[in-house]
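Down below is the structure, laid out as structure tokens.
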Amino acid sequence: MPELPEVETVKRTLNELVVGKQIERVTVHLPRIIQRPSDIQAFAFELAGHTIVGVERRGKFLRILLDGLVLVSHLRMEGRYGLYAADEAVEKHTHVIFHFNDGTELRYKDVRQFGTMHLFNTGEDLISAPLHKLGLEPLDAAFTVEALQGAVGRRSTSIKAALLNQAYVVGIGNIYVDEALFRAGIHPSRAANSLTTEQFTLLHKAIVGVLSESVAAGGSSVKSYVNGQGDSGSYQHQLQIYGRKQEPCVVCHTPVEKSVVAGRGTHYCPKCQPTV
DNA sequence: AGAAGTTCTCGGGCGC
DNA sequence: TGCGCCCGAGAACTTC
């Protein structure tokens, strides 16, 4: 489901909804979600009594900060959070519930069951898997053209695969990689190490532009994404290439093509994004 | 039937 | 031959 703009939006809504709440107990209905600690009882026991003090984001991961603990959560394809009153019926696919001492609960739902949670003591999460080897944050000031080119410019793989690799740059997924490559006029199959500095300049501007515009719109709701309050984003209405197979290109009116690049469904304009 | 917004693991290929 | 890196394919699961 979520890429950087969607996770950023969930982060912001959770900061509105759950900061200051104290966890009374935790129930886990699908143990597979909990990756650390390996003992599910220990996961629930360690969280009990702790208060949420803030929510941050690293790449596509949420970092739920508590007093002395950090819960690292990845939504993968379909994970979502919602705040409920304790007496509301528990919906299907609800796998983890954080019961607060004020009669509300934060529920984690995930139809495809791909999401993960890792619990750490404060200070340990950023230096441990799965966060320790993540790449550049594309909306940080340190994300310059030079940094982008340095991160992916020597890869022989496709530029699309390189941008999807979270070890180089974080937060870009299948929607925004197609959007950014379209905006930059670069074919997704081009070898990353074949791009010119001029093209990296265009690509850098496209990545920052697409992601920041989507954050401002609350993310994209293509299929199932909602933020922590059940609201949809609106950037799906501004997508220029993703999901537009066979529709006329918004720039040149050539029909948009769809193929598979980097193992993912890939949209591009054959005229605006030449192979060479 | 096949694909869906993700990422981890595995094995082959290549270069030292 | 051995090791390490890099890269692509397949797998995890449910829904439409």
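Computed from heavy atoms alone, side chains included, the values below leave out hydrogens, waters and symmetry copies. These numbers come from a predicted model, not from an experiment. A, B, ... follow the sequence lines: proteins, then strands. Residue 1 opens every chain.
- The separation between A:Arg76 atom CZ and B:dT7 atom C1' is 4 Å, rounded to whole Å.
- At whole-Å resolution of the value, CD1 in A:Ile33 and P in B:dT7 are 15 Å apart.
- The side chain of A:Ser156 has C:dC6 as its nearest neighbour among B:dT7, C:dC6, C:dT15.
- Among the protein residues, A:Gly173 comes within range of the sugar-phosphate backbone only, with heavy atoms under 4.0 Å from sugar or phosphate atoms but none that close to a base.
- Comparing C:dC13, C:dT15, B:dC8 by their nearest atom to the side chain of A:Phe114 picks out C:dC13.
- When the nucleotides C:dG8, B:dT7, C:dT15 are ranked by their closest atom to the side chain of A:Lys60, B:dT7 comes out on top.
- Residue A:Lys92 places at least one side-chain N or O under 4.0 Å from the OP1 or OP2 atom of C:dT15.
- A donor-acceptor pair shorter than 3.5 Å can be found between the side chains of A:Asp110 and A:Tyr108.
- In this structure, the nucleotide among B:dC8, B:dA3, C:dC6 sitting nearest to the side chain of A:Lys258 is B:dA3.
- Checking the phosphate oxygens (OP1, OP2) of B:dT6, no side-chain nitrogen or oxygen of A:Gln166 falls inside 4.0 Å.
- Taking side-chain N and O atoms only, A:His93 has a distance below 4.0 Å to OP1 or OP2 of C:dT15.
- If you check the side chains of A:Lys21 and A:Thr104, you find a donor sitting under 3.5 Å from an acceptor.
- With both pairing distances under 3.5 Å, B:dA1 is matched to nothing as a Watson-Crick or G-U wobble pair.
- For the pair A:Lys133 NZ and B:dT9 C1', the interatomic distance rounds to 14 Å; values are reported in whole Å.
- Using a 4.0 Å heavy-atom criterion, one finds that A:Thr116 contacts no nucleic acid atom at all.
- Between A:Tyr168 and C:dC6 there is no side-chain N or O to OP1 or OP2 distance below 4.0 Å.
- Taking 4.0 angstrom as the limit, A:Thr157 places a side-chain polar atom (N or O) nearer than this to OP1 or OP2 of C:dG8.
- Atom-to-atom, CG of A:Asn174 to P of B:dA3 comes out at 13 Å; the value is rounded to the nearest Å.
- To the nearest angstrom, P of B:dT7 lies 13 Å from CG of A:Leu163.
- Residue A:Glu78 contributes atom CD, which lies 7 Å from atom C1' of B:dA4 at whole-angstrom precision.
- Comparing B:dT7 with C:dT15, their P atoms are spaced 22 Å from each other, to the whole Å.
- Nearer the 5' end of DNA chain B, as judged by each residue's closest nucleotide, is the contact made by A:Gly263, out of A:Phe61 and A:Gly263.
- Atom-to-atom, CD of A:Glu6 to P of B:dT6 comes out at 9 Å; the value is rounded to the nearest Å.
- Considering only side-chain atoms of A:Glu3, the nucleotide from C:dC7, C:dT14, B:dT6 that sits closest is B:dT6.
- Computed from coordinates, the A:Ile175 CD1 to B:dA3 P distance equals 17 Å when rounded to whole Å.
- Residue-level contact check: A:Arg32 touches the backbone only, with heavy atoms under 4.0 Å from sugar-phosphate atoms and none from bases.
- Set against B:dC8, C:dT14, C:dC7, the side chain of A:Arg155 has C:dC7 as its closest nucleotide.
- If you check the side chains of A:Thr266 and A:Lys160, you find a donor sitting under 3.5 Å from an acceptor.
- For the residue pair A:Thr94/A:His29, the side-chain donor-acceptor check at 3.5 Å is not satisfied.
- For the 3.5 Å distance criterion, the side chains of A:Arg183 and A:Gln240 fail to qualify, holding no donor opposite an acceptor.
- Checking C:dC13 for Watson-Crick or G-U wobble geometry (two distances, each under 3.5 Å) identifies no partner in any strand.
- Between A:His204 and A:Phe143, the distance from one ring center to the other falls under 6.0 angstrom.
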